[in-house]
Amino acid sequence: MLQGPIRDVDPEVARLIELEATRQQQTLRLIPSENYASAAVLAATASAFANKYSEGYPGKRYYQGQGHVDVLENLAIDRAKALFGAEHANVQPYSGSPANLAVYFGLLQQGDTILSMSLPHGGHLTHGWKITISGKFYNAVQYGVRREDQRIDFDQVAELARAHKPKLIVCGASAYPRIIDFARFKAIADEVGALLLADIAHISGLIAGGAHPSPFPHADVVSSTTHKTLRGPRGGLIMCKAAHAGAIDRAVFPGLQGGPHENAIAGLAVALAEANTPDFRTYAAAVVRNAQVLAEGLLHHGFDLVSGGTDNHLLLVDLTNKGVRGKVAAQALERAGIICNANSVPFDPRKPFDPSGIRLGTPALTTRGLGEDAMRTLADWIAAVVASPDDAQLLEKIAAEVADLCAGHPAPALN
Ligand SMILES: *Cc1c(COP(=O)(O)O)cnc(C)c1O
């Protein structure tokens, strides 16, 4: 049992893995937070490092047997610092959400005020949304986008900052298709004596690849996931100025977490090396270009895009003018082999569980080598599905065409 392949030891789980791999192979994944990690990243993640406990930090551990772990974790730290130009990096956060919680825990006292983007305008749950620990333990004041152009309302950010004197301003988003002006956030933070956290969970790969401006040197602290555009294993990452290194490290461990997932850190080290290549710069540029071509195609079909288009890897489509709810569209698209998620749009009159829009992103498709022609075809398919979401025959026909396109562009590490 300890040696056999998974299909002998646990055929039930083996079958689910195969089915999921086939699904990921045969459908177009447009969820902007998803990607395909490389075979090397997945191999590192499923390595012997999964078996090791290493509470503490390199050179300061609570268990023996850390010779290789320490070298590995230092390698990941050095690669993160070099890739992003950061003074300090902590590679231990289990994911993006605990990374943000560790930042708050390290820099704030319970009840302190943070100023952040609201969830319905594109922010993340962990930026102080009321039902989360970040909203219950801290006093979150929230900014949003302007009604006219659906871009971040910096007048509002500045006004709220002056009125509420937050200890921390949070910028970065999960559903915002435009460039984040980190320098402008920093100027407001400086004016009111706040620290600036840039949460680059979605765009860290674009930043690493030079396709989005960097939060350094503006932000005091930068948090990220490692599995979105950065194309690493599932995990989190915090980088900061040297002045905050001690507070951040203590907040991650022992403040919030126990033993780090050194196997994920191994995968991250590999992903950071991959991201520090000319190929990855080409990839990051192609992600943005693909999103823009997809946007042009959708505009051509009369779709209403939040902010009118995109500067990054994602689009938010407001389906109100099409008379179709986001959920209905997302479900019909899934039947046609196109996987996305329903999403609120700014000032959405509908409820978050039944919102007016869908969110589309190009990181995963670009990893598969799909280019501009495919984006134009995709826009045509999406338009056809949204026009006739109940036409079973049409959905089936498109699903077959999607599977054909996918067969010509195999996903890495799933073959
Ligand atoms: C995805 C995301 C997170 C949370 O990451 P998880 O790994 O899902 O916990 C945090 N912040 C932003 C902006 C995100 O998009």
Side-chain angles (χ1 to χ4, degrees), residues 29-35 37 41 45 90-106 114-129 131-135 138 140 142-145 152 168-182 185 196-208 212 215 219 221-240 248 251-252 256-257 260-261 264-265 267-268 271 287 291 306 310 312-316 340-341 343-344 346 352 359-364:
R29 293 202 295 139
L30 280 149
I31 295 172
S33 42
E34 293 186 2
N35 213 328
V41 166
T45 307
N90 186 311
V91 295
Q92 294 193 359
Y94 299 143
S95 210
S97 303
N100 283 342
L101 195 53
V103 173
Y104 304 147
F105 191 59
I114 64 173
L115 174 60
S116 53
M117 192 171 197
S118 80
L119 180 69
H121 282 224
H124 191 261
L125 282 163
T126 57
H127 296 180
W129 193 242
I131 56 173
T132 73
I133 188 166
S134 66
Y138 304 99
Q142 303 216 291
Y143 60 85
V145 298
I152 290 171
L168 180 73
I169 296 180
V170 185
C171 62
S174 301
Y176 184 67
R178 295 298 178 176
I179 281 171
I180 309 254
D181 188 343
F182 298 116
F185 274 109
L196 179 65
L197 165 64
D199 177 352
I200 60 170
H202 260 258
I203 55 174
S204 51
L206 302 183
I207 291 165
H212 186 291
V221 184
V222 173
S223 64
S224 185
T225 61
T226 55
H227 47 274
K228 296 181 182 174
T229 50
L230 193 56
R231 218 162 64 179
R234 297 201 80 98
L237 172 63
I238 303 173
M239 295 171 284
C240 62
I248 292 297
V252 173
L256 183 65
Q257 298 188 169
H261 298 173
I265 291 171
L268 174 59
V287 167
V306 170
T310 182
N312 61 21
H313 63 300
L314 71 82
L315 322 171
L316 258 185
C340 70
N341 63 280
N343 212 99
S344 294
R359 191 180 64 148
L360 308 171
T362 52

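Counting convention: from 1, in listed order, for ligands and their atoms alike. Throughout, numbering of the chain's residues begins at 1 and tracks the sequence.
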Smallest heavy-atom separation, M117 atom then I152 atom, equals CE-CG1, 4.0 Å
Here the pair of heavy atoms bringing H127 nearest to G172 is CE1-O, 3.4 Å
The side-chain contact (heavy atoms from CB on, under 4.5 Å) partners of A219 (sequence neighbours excluded) come to L196, A198, P215, V222
Less than 4.5 Å apart, any side-chain heavy atom of H124 and any of S97? yes
What orientation do H313 and H202 show, parallel under 30°, tilted 30 to 60°, or perpendicular over 60°? tilted
Please tabulate protein-ligand N/O pairs under 3.5 Å for ligand 1, atom names and distances to 0.1 Å.
{"unit_1": "ligand 1", "atom_1": "7 (O)", "unit_2": "S95", "atom_2": "OG", "d": "2.4"}
{"unit_1": "ligand 1", "atom_1": "7 (O)", "unit_2": "G96", "atom_2": "N", "d": "3.0"}
{"unit_1": "ligand 1", "atom_1": "7 (O)", "unit_2": "H227", "atom_2": "NE2", "d": "3.4"}
{"unit_1": "ligand 1", "atom_1": "9 (O)", "unit_2": "G96", "atom_2": "N", "d": "3.4"}
{"unit_1": "ligand 1", "atom_1": "9 (O)", "unit_2": "S97", "atom_2": "N", "d": "2.8"}
{"unit_1": "ligand 1", "atom_1": "9 (O)", "unit_2": "S97", "atom_2": "OG", "d": "2.6"}
{"unit_1": "ligand 1", "atom_1": "11 (N)", "unit_2": "D199", "atom_2": "OD2", "d": "2.6"}
{"unit_1": "ligand 1", "atom_1": "15 (O)", "unit_2": "S174", "atom_2": "OG", "d": "2.8"}
{"unit_1": "ligand 1", "atom_1": "15 (O)", "unit_2": "K228", "atom_2": "NZ", "d": "2.8"}

Would you say S134 and N100 make side-chain contact, with heavy atoms under 4.5 Å? no
